[in-house]
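Note that this is a predicted model, so its numbers are computed, not measured. Order of the sequence lines sets the chain letters (A, B, ...), proteins ahead of strands, with each chain counted from 1.
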Protein chains: 2
Amino acid sequence: MQMDRAEGERKDFWQLTGPTKGKRPTLKDVAAHVGVHFSTVSRALDPATAHRITDEVRARIQAAVAELNYRHNVAAATLRTHSSKTIGIIVPDITNSLFGPIIKGIDSISSEHGYVALIGDTDNNPEKEEKLISTFLARGIEGLIVASALREDEVVSAVAHDGTPIVTVNSHVDDDSVSSVSYNVRPSIGALVKHLAELGHRRIAFISGPSSWSTAEERLAAYRYWIDRVKAVVSDDLIVYSNEYREEEGARCAEELLRSGVPFTAVMAANDLLAFGALNVLQRHGLECPRDVSVTGFNDIPMAERWSPPLTTVKVDPLRAGKAAAEILFADIKLAPEERQPKHVLLPASMVVRHSTAAPSSGQLRGAPTNG
Amino acid sequence: MQMDRAEGERKDFWQLTGPTKGKRPTLKDVAAHVGVHFSTVSRALDPATAHRITDEVRARIQAAVAELNYRHNVAAATLRTHSSKTIGIIVPDITNSLFGPIIKGIDSISSEHGYVALIGDTDNNPEKEEKLISTFLARGIEGLIVASALREDEVVSAVAHDGTPIVTVNSHVDDDSVSSVSYNVRPSIGALVKHLAELGHRRIAFISGPSSWSTAEERLAAYRYWIDRVKAVVSDDLIVYSNEYREEEGARCAEELLRSGVPFTAVMAANDLLAFGALNVLQRHGLECPRDVSVTGFNDIPMAERWSPPLTTVKVDPLRAGKAAAEILFADIKLAPEERQPKHVLLPASMVVRHSTAAPSSGQLRGAPTNG
DNA sequence: TTGAAAGCGCTAACAC
DNA sequence: GTGTTAGCGCTTTCAA
């Protein structure tokens with residue numbers, strides 16, 4: 001079979017004329033081309049041992065590598081050295097604008113360390129998470145960063161106890177032997193509650209996330225803590241639980257709140273998306289924000305600033321969180337298993353006041369409006 | 001060294017008592033535990049050959065696998081079979097909300113095929129792209145999806161010609177032997193131009209992307225094509241080039257337009273982000289949108305709908321694009337190299353009219369306002 | 001400074 | 001239905 005297209009000339013050289021036609025050249029091919037033993041080639045190509053090789057030989061090896069288009073076979077090296085130079089990243093939904101920056105942060109640190117990352121999206125499904133982790137482990141990942149962890153995440157705990165470095169980011173598990181990086185929510189939720197209280201709100205509802213999520217649990221706990229301190233109305237009727245951090249769920253919860261008849265003048269949502277959904281429903285019911293109700297979110301995703309009204313929320317730094325998680329991970333990877341200590345970093349989070357919060361209208365409480 | 005913590009009991013069993021202390025159990029360990037040859041274990045664990053093993057033996061093997069916490073060593077299998085079950089994904093900026101859905105689409109198809117994906121972010125830097133591709137190749141990826149391709153992307157072309165299945169998504173290279181999935185921009189840009197023309201605009205400026213980007217080139221070409229057909233003013237003075245798809249660049253280009261003094265009543269941006277930046281500058285210069293200028297974008301990212309004014313733009317479906325790209329890729333992976341044919345799919349894109357476009361105010365052209 | 005050889009854990013061809 | 005064997009491409013110890 002003859003090939004006469006110009007692009008065949010250099011790049012796929014080995015496919016046509018290499019010593020072992022049709023397959024990727026190996027160290028042996030390069031060695032044969034240069035006339036040395038393949039272990040010499042291996043040494044010449046490894047920065048740690050390259051100095052042991054004569055300049056002249058090394059130069060010829062480099063030339064042969066270029067000519068044959070040799071590429072390192074990481075699978076073979078992994079088998080030999082037990083080091084895959086890869087980590088795994090697991091996110092609950094890559095479509096959520098919170099996780100792009102987290103991944104970017106991780107990626108930037110990994111590449112500094114010469115590692116690459118496998119990515120997996122769980123779709124908020126714990127079974128997918130388990131499968132993903134198992135596939136990743138079979139692939140020999142040397143560390144794992146999980147952004148989808150539940151508070152009771154047996155798989156995550158198991159991985160940690162099996163000795164694979166792991167760190168949860170954005171979320172964390174109850175088991176505190178698993179390293180985590182998350183946000184210092186207590187003060188930031190406190191700022192929100194105090195802000196609302198100073199504005200004159202006393203009946204502040206809360207749209208929580210599922211109680212199996214650490215972020216939901218801690219934000220709710222912080223709400224409870226501060227509501228009490230600020231002498232606002234403490235009542236379980238003011239709390240409603242969503243099943244996921246999605247606009248639709250925020251809408252559903254707001255409907256539920258409205259239907260229940262509890263009076264409230266403000267609603268704090270555990271997350272921006274939830275706040276958006278709530279805002280829509282509130283407005284649809286004739287409640288204007290912030291005139292009739294104040295609404296707050298959490299995360300400060302890019303859209304928060306553009307919403308109408310622009311959302312008062314809590315700003316976090318997911319890029320930094322990703323970097324922090326990766327730094328912990330690589331520190332652990334470099335340590336002997338016995339030396340590793342779980343670390344828990346709490347990144348700052350700060351309130352940003354925009355236009356979705358204001359004093360309640362004439363101090364009057366909102367009851368359950370008739371539907372529509 | 002004694003370990004007395006409760007969680008040591010099951011999950012890290014092999015670390016304490018396994019036949020080969022301190023390391024992951026292998027097929028041999030499982031075999032020894034069951035009393036069969038390790039190749040029997042290999043067969044029992046491979047769905048394709050499991051039926052050849054007696055139910056009873058297979059059951060004992062499963063039990064031992066669970067007990068020892070055996071995990072398949074993909075690196076070893078890869079070395080042996082030359083199939084890594086891994087693909088690579090390369091994006092220009094994972095922080096951009098366009099790429100989350102693309103990755104999710106790819107990921108959903110890959111996992112159906114039992115593949116996992118390596119992720120890489122180039123930061124719009126061609127050198128990083130090259131390094132990433134090279135690392136991925138060394139890892140034995142069986143296919144590659146690139147969302148960061150330049151029109152003249154030698155590395156991408158080289159990969160294609162080397163025989164690794166590759167498909168560009170969102171962007172494409174000029175070399176049409178590289179499969180691609182992108183959007184049918186001609187008609188959608190046409191809709192935008194006609195919409196503007198019908199509104200009465202005759203001087204429509206265009207903020208392009210870098211001409212080395214396929215998306216920029218094709219959107220600009222479509223603009224030129226339709227501007228002419230619609231009998232609007234054709235002039236290179238109306239075209240300005242950004243260096244990247246970023247708000248800041250849109251702002252810079254709008255400033256440039258204003259400073260140049262060319263009259264225009266509408267500006268089409270090659271991308272939503274560019275449009276946002278332009279909108280800001282225009283407003284800062286006292287030009288109200290859509291009263292004084294109309295502005296359009298491209299992509300319809302989530303924020304477009306929330307911008308003020310809500311942006312008239314072109315809607316694309318990145319999730320679908322990701323899936324389409326992955327489908328082409330896996331079809332190719334399953335084919336013998338000689339059988340592979342480059343495919344080019346053009347997904348529909350449709351105009352969505354919102355509030356950033358309207359008739360030009362009293363048909364009067366806008367000149368260069370004094371700065372401020 | 002370089003060569004020789006062993007072996008990482010697995011699959012698959014072959015034997016029984 | 002199961003055991004034996006070779007070898008994927010590499011790193012690394014040991015010799016020379």
Side-chain angles (χ1 to χ4, degrees), chain A residues 14 18-20 22-61 64-65 68-85 137-140 142, chain B residues 14 18-61 64-65 68-86 137-140 142:
Chain A
W14 53 267
T20 44
K23 41 191 295 308
R24 272 167 69 154
T26 70
L27 285 181
K28 278 189 182 155
D29 297 322
V30 176
H33 198 265
V34 174
V36 294
H37 192 263
F38 74 96
S39 64
T40 303
V41 179
S42 174
R43 289 186 193 102
L45 263 26
D46 179 353
T49 48
H51 65 275
R52 312 183 144 280
I53 307 297
T54 331
D55 287 355
E56 189 262 329
V57 173
R58 201 170 51 234
R60 279 163 54 216
I61 289 176
V65 162
L68 300 181
N69 197 20
Y70 168 79
R71 245 185 268 277
H72 189 213
N73 182 327
V74 176
T78 298
L79 180 57
R80 185 54 233 246
T81 61
H82 301 286
S83 164
S84 64
K85 300 283 184 195
L137 252 16
R139 254 138 182 121
E142 294 180 51
Chain B
W14 55 265
T20 43
K21 271 192 175 195
K23 40 192 295 308
R24 271 167 70 154
T26 69
L27 285 181
K28 279 189 181 154
D29 297 322
V30 176
H33 198 265
V34 174
V36 294
H37 192 265
F38 76 95
S39 63
T40 303
V41 179
S42 175
R43 289 186 193 104
L45 262 27
D46 178 352
T49 48
H51 65 275
R52 311 184 146 279
I53 308 298
T54 332
D55 287 355
E56 190 261 330
V57 174
R58 201 171 50 235
R60 280 163 51 216
I61 289 175
V65 162
L68 301 182
N69 197 19
Y70 168 79
R71 246 186 267 276
H72 188 212
N73 182 328
V74 175
T78 297
L79 181 56
R80 184 55 233 242
T81 61
H82 301 286
S83 164
S84 64
K85 300 281 184 198
T86 304
L137 251 17
R139 250 125 185 135
E142 295 180 51

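Between the base of D/dG9 and the side chain of A/Arg24 there is no donor-acceptor pair shorter than 3.5 Å. Contact of A/Arg52 with D/dT12 (side chain to base): no donor-acceptor pair of N or O atoms is detected under 3.5 Å.
Relative to the side chain of A/His82, the nucleotides D/dT2, D/dG9, C/dC8 differ in distance, and C/dC8 lies closest. Taking every side-chain heavy atom of B/Ser39 into account, D/dT4 is the closest of C/dG9, D/dT4, D/dC10. Among C/dC10, D/dG9, D/dT12, the nucleotide with an atom closest to any side-chain atom of A/Arg43 is D/dT12.
Between B/Thr81 and D/dC8 there is no side-chain polar atom (N or O) within less than 4.0 angstrom of OP1 or OP2. Contact annotation: B/Thr54 does not reach the phosphate of D/dG1 (side-chain N/O to OP1 or OP2, under 4.0 Å). Checking the phosphate oxygens (OP1, OP2) of D/dG9, a side-chain nitrogen or oxygen of A/Lys23 falls inside 4.0 Å.
Look at CG on B/Asp46: it is 12 Å from P on C/dA13, rounded to the nearest Å. Distance, B/Ile53 CD1 to D/dG3 P: 8 Å, rounded to whole Å. Distance CZ (A/Arg58) to C1' (C/dT1): 12 Å, rounded to an integer number of Å. With rounding to whole Å, A/Lys28 atom NZ is found 10 Å from D/dG7 atom P. What separates CD of A/Glu56 from P of C/dT1 is a distance of 13 Å, to the nearest Å. Rounded to whole angstrom, the span from the CD1 atom of B/Ile61 across to the P atom of D/dG1 amounts to 14 Å. Between A/Leu27 atom CG and D/dC8 atom P there is a gap of 13 Å when expressed in whole angstrom units. Distance B/Asn73 CG to C/dG9 C1': 5 Å, rounded to the nearest Å.
Each of B/His72 and A/Thr40 has a nearest nucleotide on DNA chain C; the 5'-most of these lies closest to A/Thr40. Each of A/Ala77 and B/Phe38 was matched to the nucleotide of DNA chain D holding its nearest heavy atom; the match closer to the 5' end belongs to B/Phe38. Mapped onto DNA chain D by nearest heavy atom, B/Val57 and A/His37 fall at different nucleotides, with B/Val57 at the one closer to the 5' end.
Put simply, the side chain of B/Arg60 never gets that close to the backbone of B/His33: no donor and acceptor are under 3.5 Å apart. A donor-acceptor contact shorter than 3.5 Å is absent between the side chain of A/Arg71 and the backbone of B/Gly140. For the pair B/Arg58 (side chain) and B/Ala50 (backbone), a donor-acceptor distance under 3.5 Å is present. A/Thr54 contributes no side-chain N or O that, together with a main-chain N or O of A/Glu56, makes up a donor-acceptor pair within less than 3.5 Å.
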Step by step, would you call A/Ile53 with A/Val36 a side-chain contact (heavy atoms from CB on, under 4.5 Å)?
CA-CA 11 Å; A/Ile53 307 297; A/Val36 294; over 6 Å; no
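In this structure, A/Val74 reaches neither bases nor backbone, as no heavy-atom distance under 4.0 Å exists between it and the strands shown.
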